[in-house]
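Each remark here refers to the structure printed beneath this line.
What you see is a predicted model, and the numbers here were worked out from it, not measured in a lab. Letters A, B, ... are given to chains in the order of the sequence lines, protein chains preceding strands, and every chain is numbered from 1.
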Protein chains: 2
Amino acid sequence: MDKRQLLLDAALKLFVEYGFHGTPTSLIAKEAGVANGTLFHYFKTKDELVVALYVDIKSRMSGYVFENAKGQATFKETVKEQYLASLYWALDNQLQFRFVEQFKNSPYLAQIAPDEIEASIKPFHDMLNKGIKEKIIKPQPVDLLFTLISSHTYGINQYLISGNFPKAKQHQVISESFEMLWAMIT
Amino acid sequence: MDKRQLLLDAALKLFVEYGFHGTPTSLIAKEAGVANGTLFHYFKTKDELVVALYVDIKSRMSGYVFENAKGQATFKETVKEQYLASLYWALDNQLQFRFVEQFKNSPYLAQIAPDEIEASIKPFHDMLNKGIKEKIIKPQPVDLLFTLISSHTYGINQYLISGNFPKAKQHQVISESFEMLWAMIT
DNA sequence: ACATTTGTTGACTGTTTAGTCAGTCTGTAT
DNA sequence: ATACAGACTGACTAAACAGTCAACAAATGT
């Protein structure tokens, strides 16, 4: 068992339940089943743990999305597969999703370097630019389009979580909402 | 000077900068220019202050939106005015907006009674239902539509804040994005 | 004038917290 | 076998914290 991972898992669960500052490091260590000091062996400070958890989750998520969305025939299919992959990932990783949203709306976000953020969204920007050049997507600024797609995805996920639908219904909502999104940006 | 309001103002500023738990009550009192104990005269606990601030901001915001959006001729104009009012309010009250987002994504949200949340969104639900009945809006579940509109609004606001555009450009983005939103839901 | 409530103060307290540290354990290389 | 490094421990500490309280001030009612 990798104790670093145990600590990250425990921190994720507790942060979502109690918030960053509402969760003592001692509780994280206890939940992970390791000694107090072990936490500070892997993470110099509590802040470092919070940021490391964010970075870790982000990389897993984009890994998943790109893994599932590569090799589509048409442009629309590529966009759709990325959209679907994002939502299925969020549904299967609700703790992670909620942590990321909490993090993004907290002062911690300032600890992520702007160019790191930029790098993580660059692939999407490039894809959208391609769509604009091919006259498939509305000629709007790419970061506007990206923001709209992101918040649309976020909204649908909120809806799916709060509604607690069966798998088939979830799939239907996701499919239909993609068509609504597509209608908006093309 | 109303010291309760001074405390709310100070808390808002500091919560956005340092987060809820990252802001000591002593600092809030100092920023407000009142004694430590005065904070606990108006708010029994720190949690109560956080929740009171949220309720206060929410009521100001919906007051503003409804004040500005009443008495429109057509259904589309009513929806549009509400959309515009929300965005202009958010632009003029960025601290409040950021606080609300931080609150909504934090465990504090659980302290707001579900029926209170429901009551606050009821007017919007009713309006959307009307639009569906009149066959103007897509026959989707109202809470799905509401979530989509909310997150769209959130996204546009994020874009406007990060871009730091002149007033004229802001207006243009808001107008154009409403048409995109309208295209999506009709 | 007096009484009573309501607002205000800041020193104080008991508890909680992030982070330290001296030392133990475990694996690996020589 | 021995040496060494890195993982790991949990008791400990110094600081920070939310909330209390006894005393005082201002306003309000009678």
Side-chain angles (χ1 to χ4, degrees), chain A residues 1-57 95 99-100 102-103 105-112, chain B residues 1-57 95 99-100 102-103 105-112:
Chain A
M1 281 283 167
D2 180 6
K3 300 207 172 181
R4 196 188 119 99
Q5 195 55 49
L6 285 174
L7 282 163
L8 286 173
D9 291 348
L12 172 63
K13 182 188 158 191
L14 294 167
F15 284 159
V16 169
E17 189 167 355
Y18 305 114
F20 304 131
H21 290 272
T23 307
T25 51
S26 55
L27 190 62
I28 299 172
K30 202 177 165 191
E31 172 83 21
V34 304
N36 218 313
T38 306
L39 191 153
F40 293 96
H41 174 69
Y42 287 103
F43 309 98
K44 268 222 292 287
T45 63
K46 188 183 175 181
D47 279 18
E48 197 177 297
L49 165 62
V50 174
V51 172
L53 183 55
Y54 176 76
V55 171
D56 183 68
I57 291 175
L95 283 181
F99 170 81
V100 168
Q102 198 175 317
F103 185 94
N105 288 287
S106 81
Y108 278 102
L109 185 61
Q111 288 186 41
I112 306 291
Chain B
M1 281 286 166
D2 179 8
K3 299 203 169 177
R4 196 188 121 97
Q5 195 56 50
L6 285 173
L7 281 163
L8 286 173
D9 291 349
L12 172 63
K13 182 187 157 192
L14 294 167
F15 284 158
V16 170
E17 190 167 356
Y18 305 115
F20 304 131
H21 290 272
T23 307
T25 52
S26 56
L27 190 62
I28 299 171
K30 201 177 167 192
E31 173 83 19
V34 303
N36 218 313
T38 306
L39 190 151
F40 292 95
H41 174 69
Y42 287 102
F43 309 97
K44 269 221 292 285
T45 62
K46 189 185 179 183
D47 278 17
E48 197 177 297
L49 165 62
V50 174
V51 172
L53 183 55
Y54 175 76
V55 171
D56 184 69
I57 291 175
L95 281 182
F99 170 81
V100 168
Q102 197 174 318
F103 186 94
N105 287 287
S106 80
Y108 277 102
L109 185 61
Q111 288 186 40
I112 306 291

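Between A/Leu39 atom CG and D/dA7 atom C1' there is a gap of 14 Å when expressed in whole angstrom units.
Within a 6.0 Å sphere centred on OH of A/Tyr18, heavy atoms belonging to other residues, nucleotides or ligands number 12 at most.
A perpendicular orientation is assigned to the rings of A/Phe99 and A/Phe20, their planes being inclined by more than 60° (bins at 30° and 60°).
Contact check of residues 40-57 of chain A against DNA chain D (heavy atom, cut-off under 4.0 Å) returns A/His41, A/Tyr42. Annotation: proximity of residues 12-28 of chain B to DNA chain D (heavy atom, distance under 4.0 Å) is found for B/Thr23, B/Pro24, B/Thr25, numbered in ascending order.
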Atom pairs, N/O to N/O, protein against nucleotides 23-25 of chain C, distance under 3.5 Å?
none

What nitrogen or oxygen pairs link the protein and nucleotides 10-15 of chain D at under 3.5 Å?
{"unit_1": "D/dG10", "atom_1": "N7", "unit_2": "A/Gly37", "atom_2": "N", "d": "3.3"}

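In this structure, the separation between CG on A/Asp56 and CG on A/Asp9 is 8.5 Å, given to the nearest 0.5 Å. Summarising the geometry, atom CZ belonging to A/Phe15 is positioned 4.5 Å from atom CG belonging to A/Leu49; distances are rounded to the nearest 0.5 Å. Rounding to the nearest 0.5 angstrom, the gap separating the CZ atom in A/Arg4 from the NE2 atom in A/His41 is 11.0 Å. Between atom CD1 of residue A/Ile28 and atom CG of residue A/Leu14 there is a gap of 6.5 Å, rounded to the nearest 0.5 Å.
Taking the six-membered ring for Trp and the full ring otherwise, the centers of A/Tyr54 and A/Tyr108 sit at least 6.0 Å from each other.
By the ring pair (Phe, Tyr, Trp, His ring centres under 6.0 Å) test, A/Phe40 pairs with no residue at all, sequence neighbours left out. Residues forming a side chain to side chain donor-acceptor pair (under 3.5 Å) with B/Glu31 (at least two apart in sequence, or on another chain): B/Lys13.
The shortest distance between side-chain heavy atoms of A/Leu53 and A/Ile57 falls below 4.5 Å. In this structure, B/Glu48 and B/Thr45 have side chains that are in contact, with non-hydrogen atoms separated by less than 4.5 Å.
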Subject >> Worked verdict on A/Leu39 versus A/Val34 for side-chain contact (heavy atoms from CB on, under 4.5 Å) >> reply: CA-CA 8 Å; A/Leu39 191 153; A/Val34 304; 5.7 Å; no
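For the OP1/OP2 pair of C/dT26 and a distance below 4.0 Å, the side-chain nitrogens and oxygens of A/Lys3 include no atom meeting the criterion.
Not a single donor-acceptor pair under 3.5 Å links the side chain of B/Lys3 to the backbone N or O of B/Tyr42.
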